[in-house]
Amino acid sequence: MWSSMLLAACLLATQWSEGANPPADRLASAFVDPLERVDCGPEPNVSADTCTARGCIWGPTSTPADQGVPWCYFPRQTGYFVSPDDASVWKKSPSSPPNPFGSDAPTIRFKQTALGAGVRLTIDTEGSFVPDIPLNLSPTIQSDEQLVVRVRNTTVASFSVERASSGLRIFDTSIGGLLFGDKYIQLSTFIPAKNIFGFGEHIHQTIRHDLSGYRTWPMFARDKAPNSADGRTENLYGVHNFYVAIEDDGKAHGVFLLNSNAQEVVTGPGPHLTYRAIGGRFDFFFLPGPTPAQVVQQYQQIIGRPYLPAYWALGYQFCRWGYASLDDLKATIGRIQNAQIPLDVVFADIDYMERYKDFTTGSANWSAFAAYADDLHQKEMKVTLIFDPAVQVDYDSFQRAVDQNANFISWPAAAYVDHEIQDEYPLAKDTNFMLSVVWPDKHVAFPDFYDDTNQTADWWVGEFDLYHKSMAFDGIWIDMNEPSSFGTNKEHCCGGILDHPDIKSLHCPLTGDDAVWEYPPYMTWSAYHYGDVPLSEDTVCMIGVVNRGKQRVFDTKSLYGLRETISTARAMKEVLGKRGQLISRSTFASSGHYGGHWLGDNNARWEDLRTAIIGAQEFNIFGIPHVGSDVCGFDGDTNEELCLRWQQLGAFHSFFRNHNIIGAIPQDPSQWNSVAQATRTANLWRYRHLPYLYSLHFAASKEGGTVIRPVAFEFPRDRRAFDLSYQFMWGPAVMVIPVTDENVDTVDGYLPEEAAWFALYGSRYGVQAAAGDGTFEAPRNSSAPAFVRAGHVLPRQVPALTTAAARRQHFQLLIACDETRTATGRLFWDDGERLIDETQWTSAQAYRFEFAFAYTAAGATLNISMLESPQPRLTLPPVEEVEVLGYAAAPAFQSATVNGAPAQLSASESSYSGITRVLRLRRSDRGFVQLDDHLPLWTVQWNNV
Ligand SMILES: *[C@@H]1O[C@H](CO)[C@@H](O)[C@H](O)[C@H]1NC(C)=O
Ligand SMILES: *[C@@H]1O[C@H](CO)[C@@H](O)[C@H](O)[C@H]1NC(C)=O
Ligand SMILES: *[C@@H]1O[C@H](CO)[C@@H](O)[C@H](O)[C@H]1NC(C)=O
Ligand SMILES: *[C@@H]1O[C@H](CO)[C@@H](O)[C@H](O)[C@H]1NC(C)=O
Ligand SMILES: *[C@@H]1O[C@H](CO)[C@@H](O)[C@H](O)[C@H]1NC(C)=O
């Protein structure tokens, strides 16, 4: 498991044996193995002189530069010791070098709290910033595995979090380097394995982190288009300081750091991690698993289980930015429908607004939009609109905000107001609101979604309510909520920004005492990546205040998207009175409880298709399963083949939307016959399997968990699974191996050997595929390569062109069997849009069916149990087909019964092949299991010949 890098390191250092636990004598020497260093010069261009002046060790190595070994590093004896009279008080060790970025707190508090089988560790000082977001910080974690904390008080103290069962240290800070200053906190830890998944939001080239060298992953919400080129580590729109680790024996654990300041994690080859933040405190949650699925569920006990989108939100969605008019939009949607492509949701980007002002409809070319929305509703289709947080400060919506005493991100005092801007706007003139520039032509203010008086949220909800009365949208898309701001600190906002007057931009204090908010002693790589820029680059000023002056932007900026999502989820619930979809660009831990996410402004390139596969898996780990990428690519012109393969891939992502940028060529699938055909096929496949996808979402909302997940999360003892970045599981039962390269007709993949698999696509549909490495056909005219795992029953339905129509079609059951000859599965079913009462998950809010199938040489039994049913009852379509894959016996169709009575099968539609082992019992005209009878149990049986 050690990389070849160790060989290089051996020239310089003693070789340590494999494993995370350092021998005691390792602490004795000042020299630190290049693989286990804590960087003392994390900012760019630290010299030997600076290094030694910091009390650190200068130790150049000959390891390759791309491994990023720090040449300036902290001695191991950096940190605090445990106070003799109070174990919860730690004191700065006299042997420790000082904090290079501001002075260290002389004492810190070390507090551990048991969370059932998990543990929370808080390291802080009186007055450390604490993020104010609704989480459950004292969940009772249930697990077979107990975590315990052990503190070691050597020259400097360290702690470890261990599995009580084995003593395995999942976290071990004896690597040294604990610092705790006002604007720089740092903690390092050994980790027990190199298999870690998570940390976001970034582009990651592999689903499992590459720990062969040192990599710094900054986290600070930023309006930054993802760049999928190799080696990029920039922080993107959201912040998720959470990872799941799979240990060498296949057990998994999770670690969540709750901190909202600009922060970063260094992944290192020790294997080890270094956490840095420029404010706040260390508030760690350790989750014992031991399965990866349990880790995610335990995490969601803290951050909240995922919201349940409306059923239609799992349908196909189409958007573009740059429609010249409503007629242009209508023509595009018409083309997709003429191509008989299943489609549910029509999106409008900012084009639809009157000069980009929220809650308005463009008067020139969009006046008939509301009538068109009504037409779409007649066709059982839905509309989702974009809304930006920033509102122009001189129109009705802002007038009402002022009248209702809503608050906006503000300057800390009147003296900071730029009157050259402010005085132009009578409504803003006498306020301290921090005016800036986004899409609208004039200056804007940013609603203070932290306002705990509720007046801002009430106004915001009211605006959606008013607008909905004139334009009946069904879903809400919130963008630009990092928050993004144009041209901050530049003379003018908008040189080069399309269709925008070049007005004066926001200027933050960059000199004098106030500059500390923009240029703190350590900036993090969220700034260093861009050279000498302040933290307010592309956003609002860090000195700004929220919650009516109670908190600073510096501490809370990364929470803005989450806070907006919370207020907007309230709007969606109150205005629609039913479920819809809510998609946010900026997210934080717990955003998934309120809405979904798309992966942002990607590019129409193959590498972006590839990294989208990783991104969707990661956001499931982050508790945001309603996620997907801009299919065919957002920026730049797509091409036929890329768009085709992306449509095939996107059909497996929960949020499935094609979207691109103004100025790029149209990319609706009907632009190319081949893409239209592939999309039709892939979408029909998806719509057929929506009952399964919906059940996965329902289960995630009710019980916690993921929808899409890494293969390693289902097969944590199969080492081959760890490096499958471009394959993923759709729930426990379906493996997807999409095409990720140009100009191929096959795809190489790996089917874990501990299961049996059957193809669910193409010419080999239903046939068992050999486990292990394989090369699979990947036709352009079918859905993406997908395989069902033996032992599972999937509910599905005859597809149709909208989800509403598909929901009325007959059910079908797909059963996959191996030698054990058994399979199970389940279906959650409701009307797809009624509000869920989160406090009532224990009572029946939906139908819950469980399927259990088993057969012997003599015959087969399928039990369909209705374990929960809601009031009032719904009309339930019948089951028209039971398809069994891997059925190794010849059935006697005439012997089939349902609850003892002869099953009314169609002889011409039912079939069995001893070669393919595909068995089909079918009656398509009226089905043969009448679920609408609302029985507790249906037993379908047949004999074999
Ligand atoms: C660091 O040094 C490199 C190369 O000398 C230079 O290009 C870069 O601008 C420097 N970075 C900073 C932040 O000073
Ligand atoms: C921890 O170590 C320090 C320094 O050696 C010592 O002063 C202190 O008493 C120790 N604390 C405890 C609780 O043993
Ligand atoms: C309205 O549509 C026409 C024709 O498509 C286009 O030329 C014009 O620029 C549009 N006007 C606006 C305000 O977008
Ligand atoms: C704000 O609204 C929340 C949720 O509706 C409520 O619990 C809280 O008491 C309200 N706060 C104030 C100050 O009215
Ligand atoms: C897909 O293309 C292949 C090869 O051209 C052809 O044999 C097959 O019939 C096509 N399948 C469908 C469903 O059109």
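In what follows, residues are counted from 1 in the order of the sequence shown. First listed ligand is number 1; within each ligand, the first listed atom is number 1.
Remark: ligand 2 atoms within the under-4.0 Å shell around heavy atoms of S83 are 13 (C). Listed by number with element, the atoms of ligand 2 under 4.0 Å from a non-hydrogen atom of N153 are 1 (C), 2 (O), 3 (C), 8 (C), 10 (C), 11 (N), 12 (C), 14 (O). Annotation for ligand 3: atoms under 4.0 Å from non-hydrogen atoms of A324 are 1 (C), 2 (O), 5 (O), 10 (C), 14 (O).
The distance criterion of under 3.5 Å between nitrogen or oxygen atoms is met by V82 with respect to ligand 2.
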Which protein N or O atoms sit under 3.5 Å from any N or O of ligand 5? Give atom names and distances.
{"from": "ligand 5", "atom 1": "2 (O)", "to": "N781", "atom 2": "ND2", "distance (Å)": "2.2"}
{"from": "ligand 5", "atom 1": "11 (N)", "to": "N781", "atom 2": "ND2", "distance (Å)": "2.9"}
{"from": "ligand 5", "atom 1": "14 (O)", "to": "N781", "atom 2": "ND2", "distance (Å)": "3.3"}

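For the pair S93/Y80, no side-chain contact is recorded, criterion being any heavy-atom separation below 4.5 Å from C-beta on. Taking 4.5 Å as the limit, every side-chain heavy atom of N658 sits out of range of all side-chain heavy atoms of Q317.
Using a 4.0 Å heavy-atom cutoff, S93 is absent from the residues neighbouring ligand 2.
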message: Pair F787, Y761 - check ring-ring contact (aromatic ring centres under 6.0 Å, His included), show working.
response: CA-CA 8 Å; F787 301 84; Y761 73 105; 5.7 Å; yes
task: Begin from the C-alpha positions of F286 and F171 and carry the test ring-ring contact (aromatic ring centres under 6.0 Å, His included) through to its verdict.
output: CA-CA 9 Å; F286 297 93; F171 218 70; 4.8 Å; yes
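Using a 4.0 Å cut-off between charged nitrogen and carboxylate oxygen, D349 and R320 do not count as a salt-bridge pair. Taking a cutoff of 4.0 Å between a charged side-chain nitrogen and a carboxylate oxygen, R780 and D745 qualify as a salt bridge.
By the salt bridge (charged side-chain N to carboxylate O under 4.0 Å, His left out) test, R680 pairs with no residue at all, sequence neighbours left out.
Crowding of K442 atom NZ: a count of heavy atoms from other residues, nucleotides or ligands under 6.0 Å not exceeding 12.
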